[in-house]
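These figures come from a predicted structure and were not determined experimentally. Atoms within each ligand, like the ligands themselves, are counted from 1 in listed order.
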Amino acid sequence: MLLGAVAIGGCGAQSTLDTHSRPAREIADLWWWMLAAAVVVLLGAIALLAVGWRQRHHAGLIGLGRLERHTTGLVVTFGILVPLIVVTAVFAIANFSVASVTNAPAVGSTSMTIDVTGHQWFWEVRYPGRGVVTANEIHIPVGTRINAVLRTADVIHSFWVPSLNRKADMIPGYPNRILLYADKPGVYRGQCAEFCGIEHANMATTVIAESAARFKAWLAHNAQPAASPVTPQQRAGLRVFEASSCASCHTIAGTPAHGEIGPDLTHVGGRTTLAALTIPNTPAQMRDWILHPQRIKPGNRMPDLALTAPDADALVAYLESLR
Ligand code: CUA
């Protein structure tokens, strides 16, 4: 409720009331119904308070016995009958919309399956059968039903893109599924919704819904191995990557780097953010991130490699060239 109220004021990036799919609309409708019921109850309580205050003043005139009978009637009506009706109505409405929202997409009803795996603290995104692996930024075609299979590599996370659907937990050993659908092209922000450790708050994601043609082009491009370094500085950057411990944690397809602890970096230069949306992906921010990972996202798994400034510059030049 509070989240919804906050969202009214600050519409846009991540809001349960800025809905772009049927499940999200049903959740928002339920919220509006509950708000309406709460307003009616609040106004009723205020009205009763006013009546009670008036009665007290007239107690002397009508006699205490009559007043008590009157009060018992009010208590039975507004303390038992009305709450019973309100709670039953909200329960019925909630049951109706929750039933249609909680169901995973029926087998065969979606056009594509993607695998999203929660890690402390980023999202690994795979497009099975297409050879595409990325992180944190999930591209989907607009107006297309996507079956997102949700897993975790460590603790419980919860995948939540409020404009598109409900929360869905990522539970060890128990894959969950959720429908991803956007009725309009756009960038929809999401957030891990289950406390998963010190950097839980910095575990955000975006769903980028784009036209079928743009999505196809993105998918084809991202299925390619990483671009080869062109400039001397970029070549030096690749050497730094392979010689330092970067390669033991990260994968860059087309190079010997096949680490699986951190995000896949094959096309990292083409992403708009780093560290699960913690910072924008600019050369200056990436350099800062590589040199001071624990200052930017304290507790995260990336160690400070104590690189020299020229090595850091070369590494940034190489990684930013991986479009
Ligand atoms: Cu992942 Cu909270």
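By the 4.0 Å N-to-carboxylate-O rule, Arg25 lies close enough to Asp183 to be salt-bridged with it.
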Start with the C-alpha distance between His139 and Phe215, add both sets of side-chain angles, then the distance that settles ring pair (Phe, Tyr, Trp, His ring centres under 6.0 Å), and finish with yes or no. CA-CA 7 Å; His139 288 248; Phe215 173 73; 7.5 Å; no
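Looking at residues two or more places apart in sequence or on another chain, you find no salt bridge (Lys or Arg N to Asp or Glu O under 4.0 Å) involving Arg214. Here Asp313 pairs with Arg287 under the salt bridge (Lys or Arg N to Asp or Glu O under 4.0 Å) rule; sequence neighbours left out. Under the side chain to side chain donor-acceptor pair (under 3.5 Å) criterion, Asp29 pairs with no residue at all, not counting sequence neighbours.
The backbone N or O of Pro293 lies less than 3.5 Å from a partner atom in the side chain of Asn300, making a donor-acceptor pair.
Excluding waters, the set of protein N, O or S atoms lying under 2.8 Å from atom 2 (Cu) of ligand 1 comprises Cys192 SG, Glu194 O, Cys196 SG, His200 ND1.
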